[in-house]
Structure formats: structure tokens, C-alpha cells
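What follows is a short report on a single structure.
For ligands, and for the atoms within them, numbers begin at 1 and follow the listed sequence.
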Amino acid sequence: MADSLLSFPPEVAPEDWDTILHAAGNPEQYGALRESPLARIYSPLINVSDLGRPFLFGQLGQSLDGRIATPTGKSHFINSLEAIRHLHRLRALADAVIVGVGTAIADDPQLTVRHVPGPNPARVIIDPAGRLPATARCLRDDGARRIVLQGKVVPRPPGIEALTLPADGGRIEPAAIIDAVGGLGFRRILVEGGADTVSRFLDAQLLDRLHLLVAPLIIGSGPIGISLSVIDGLADALRPRHAIYRFDDGDLLIDCDFSHVEGAP
Ligand SMILES: NC(=O)c1ccc[n+]([C@@H]2O[C@H](COP(=O)([O-])OP(=O)(O)OC[C@H]3O[C@@H](n4cnc5c(N)ncnc54)[C@H](OP(=O)(O)O)[C@@H]3O)[C@@H](O)[C@H]2O)c1
């Protein structure tokens, strides 16, 4: 359970972030993180080398009423600048970032790290039916690996790694996705969105952690964020351990930890 509302460090000291980035690339440096005020938030995402499987962390930005866009698809920008910086830190700590093709088409994101120092992760797009245009910005060659997971063989631009996975009625098992991405050597994987993709991984009990970024606004209509299989009683609801932080500019970070939830990875 949350102890209280915590303040996100208002000024992220560059040396503290450097320490975290350095530790991400050097697991033996993990001990050094305990001194940093950012460690409580970011160190659980780093020290994952002995799990024997990839560590998955998801993120989702939403309004107070759990919406991720207006009915006409306007979503820029629900979250505040500090929350967006936090998202870029999550990208920088990930070996690979996964998005569904819905996001790749709707937002045409670059999926690079621009708001903070740090390396760009590999980009993985789940595109079972080959809807992703060759001109998508996430496919641009900037040195990062670009990977498409598809349910059938589809021609892709040069330089794109395409993996064809079994798809049952267009659905690729989330566990098969993680086996494939883990098999490429990635250990820390950020599931960045959209809502459908994050929900599929959460429903399959594959997320170790979920960072919900809640903006203090009520949209009142439009698509919602998390949507899982129907349950009957509240005893079946997920009750992650969590900590809540408030960014200086108003958004909340709810850091959900599923490691103790029955059936969790
Ligand atoms: N608030 C946030 O943090 C955030 C983050 C990212 C995006 N967004 C917003 O979210 C919206 C898009 O999200 P969305 O939920 O509509 O779509 P999405 O999650 O980006 O993509 C969903 C699509 O990805 C494919 N997919 C994902 N997992 C799959 C699996 N296991 N097996 C087979 N196919 C799979 C399917 O493609 P097919 O349809 O081809 O079968 C599915 O329809 C946009 O409006 C974007 O702005 C918000």
C-alpha cells in the first residue's frame, strides 16, 4: 500500500540521473543508487539482471477519469512536461520499447530519448496485419534497432528486423511477444502504449510494474486506459503495491508493483 503522497524530486540533479544511467549499464553499480533521491523510483527498473527473463514495465498517461484521449482522438498533451520527462527516463532505462501499431499510426511517435540525457532504446512495433506505413517515424534509421512483430509475412523497408509470430485470429500471445523480444537479447522492456497493448500485457499477467501518469483533468468522454478481462467480484481485482508521487507541475505518478500479486511474472 502507499505510505503517503511523495514529492517527485523537483530538480533532478544531472549527477543523480547520470548515476542511474551508469548503473543501468553496469549492474555491479546498483549499490550506489541507494544514495540518490531518484533511486526509489528508478532502481526497481534497473536491478533485473538475475531474473532469467525480461523485466517488463508499462506506462500509461491518463486523466482523472481514466481517459487517454478525447472521442476524436486528441491526446496531445494530457500529461505535464515533468511526466513527459519521466516517460523519456523510462525509455532511456529500457533496452527496448514496445508500442502497438494503433499508437504508431495515430501519434507517429519517434520513441527516442530527447527530454533527458540517455540512450535510445530499440523500437518494437506490434503490427500483426502489416498496417504500419513504411514512412512511420519509428522506423527511421537513427542507429537504434527497429523491429516489427507481425502475424504474417509483410514486406518491410530495408534495415527493419521483422519477426513473424503465430497469430490466432490476429492475436499474438503476449508471452510469445516477450519470448521473441527477450530472444533478441533485451532484458528491460518498456511497454509504452497504447491502452490496448498495455492492457493485453497486464491481462496476461506479464507486467512487473506499471507507471500510471495521472493528469488532474476530467475529459469526461473518449477512450479509457486499462481494460481487462471481466471479473465478477472485487476480490478478483488487481491490488498492486504502489507508491504515489506528485510532480512539481501537478501530475501524479502511481508506481504499481505487481511482483506480489498472485499469478504475477
Ligand atoms: N496515454 C498514453 O500514455 C498513451 C501512450 C501511447 C498511445 N496513446 C494513445 O493510444 C491510442 C492508440 O492506442 P490503442 O489502444 O488504440 O492502440 P495500441 O495499443 O497502440 O495498438 C493496438 C493494436 O496493436 C496491435 N496489437 C497489440 N498487441 C497485440 C497482440 N498481442 N496481438 C496482436 N496484435 C496486437 C493490434 O493491431 P491490429 O489492430 O492491426 O490488429 C492492436 O489493435 C492513440 O490515440 C494514442 O494517442 C496513449
Could you check Arg209, Arg40, His242 and say which one makes a side chain to side chain donor-acceptor pair (under 3.5 Å) with Asp255?
Arg209
Which residue and atom name correspond to the protein heavy atom nearest atom 30 (C) of ligand 1, and how close is it?
Arg200 NH1, 3.2 Å
Ignoring angles and geometry beyond distance, decide whether Asp196 reaches within less than 3.5 Å of ligand 1 through its nitrogen or oxygen atoms.
yes
Which residue and atom name correspond to the protein heavy atom nearest atom 10 (O) of ligand 1, and how close is it?
Ile68 CD1, 3.5 Å
With distance as the sole test, does Asp108 use its side chain to make a donor-acceptor pair with the main-chain N or O of Ala136 at under 3.5 Å?
no
Nearest protein heavy atom with distance in Å, relative to atom 32 (N) of ligand 1:
Ile172 N, 2.8 Å
Ion pair present between Arg53 and Asp179, side-chain N to carboxylate O less than 4.0 angstrom?
no
Within a distance under 4.0 Å of any heavy atom of Ala195, pick out the atoms of ligand 1 and give their elements.
13 (O), 15 (O)
Do the ring planes of His86 and Phe247 sit parallel (below 30°), tilted (30 to 60°) or perpendicular (above 60°)?
tilted
Any N or O on Ala106 sitting closer than 3.5 Å to an N or O of ligand 1?
no
Asn79 side-chain N/O to Leu213 backbone N/O, donor-acceptor pair under 3.5 Å:
yes
Please check: side-chain N/O of Trp17 versus main-chain N/O of Val12, any donor-acceptor pairing under 3.5 Å?
no
Those atoms of ligand 1 less than 4.0 Å from some heavy atom in Gly170:
32 (N), 33 (C), 34 (N)
Less than 3.5 Å apart, any donor N or O on the side chain of Asp203 or Ser229 sitting next to an acceptor on the other?
yes
Considering only the protein, which heavy-atom contact is closest to atom 41 (O) of ligand 1, and what is its distance?
Pro128 CG, 3.4 Å
Counting neighbours of CG on Leu234 that are heavy atoms of other residues, nucleotides or ligands and sit closer than 6.0 Å, is the number greater than 12?
no
Protein heavy-atom partner closest to atom 37 (O) of ligand 1 - residue, atom, separation in Å:
Val101 CG1, 3.3 Å
Ligand-side contact atoms (ligand 1) for residue partner Gly61, heavy atom cut-off under 4.0 Å
1 (N), 2 (C), 3 (O)
Test: Glu161 and Arg145 ion pair at under 4.0 Å
yes
Nearest protein heavy atom to atom 15 (O) of ligand 1: under 4.0 Å?
yes
Which protein heavy atom lies closest to atom 19 (O) of ligand 1, and at what distance to 0.1 Å?
Thr197 OG1, 2.7 Å
How does Gln59 reach ligand 1, if at all, at less than 4.0 Å between non-hydrogen atoms: by side chain, backbone, both, or neither?
side chain
Quick test of your reading of the model: are Arg156 and Asp127 salt-bridged, counting only N-O distances below 4.0 Å?
yes
Do any nitrogen or oxygen atoms of Glu173 lie less than 3.5 angstrom from nitrogen or oxygen atoms of ligand 1?
no
Considering heavy atoms of the protein only, find what lies nearest to atom 40 (O) of ligand 1 and give residue, atom and distance to 0.1 Å.
Arg131 NE, 2.9 Å
Determine, using the 4.5 Å side-chain heavy-atom cutoff (strictly less than), whether Val99 and Ile84 are members of one ILVMFWY cluster.
no
Any idea which part of Asp107 is under 4.0 Å from ligand 1, heavy-atom wise: side chain, backbone, both or neither?
side chain
Atoms of ligand 1 close to Ile126 [distance to a heavy atom under 4.0 angstrom, numbered from 1]
24 (O), 25 (C), 26 (N), 27 (C), 28 (N), 29 (C), 34 (N), 35 (C)
Mind checking whether Ala69 has an N or O less than 3.5 Å away from an N or O of ligand 1?
no
With atoms numbered from 1 as shown, which atoms in ligand 1 lie under 4.0 angstrom from a non-hydrogen atom of Arg171?
32 (N), 33 (C)
Counting only heavy atoms closer than 4.0 Å, does ligand 1 sit against the backbone of Ser75, its side chain, both, or neither?
side chain
Could you verify whether a donor N or O on one side chain and an acceptor N or O on the other, from Arg123 and Gln110, lie under 3.5 Å apart?
no
How far is atom 21 (O) of ligand 1 from its nearest protein heavy atom, and which residue and atom is that?
Gly102 N, 3.1 Å
Number the atoms of ligand 1 from 1 as they appear, then name those within less than 4.0 Å of a heavy atom of Ile177, with their elements.
31 (N)
Arg140 bridged to Asp142 by N-O distance under 4.0 Å:
no
Can any side-chain N or O of Gln62 pair as donor or acceptor with the backbone N or O of Gly225 at less than 3.5 Å?
no
Heavy-atom proximity to atom 4 (C) of ligand 1, picking from Thr72, Leu60, Thr103, points to Leu60
Looking at Glu192, which atoms of ligand 1 are within less than 4.0 Å of one of its heavy atoms?
5 (C), 6 (C)
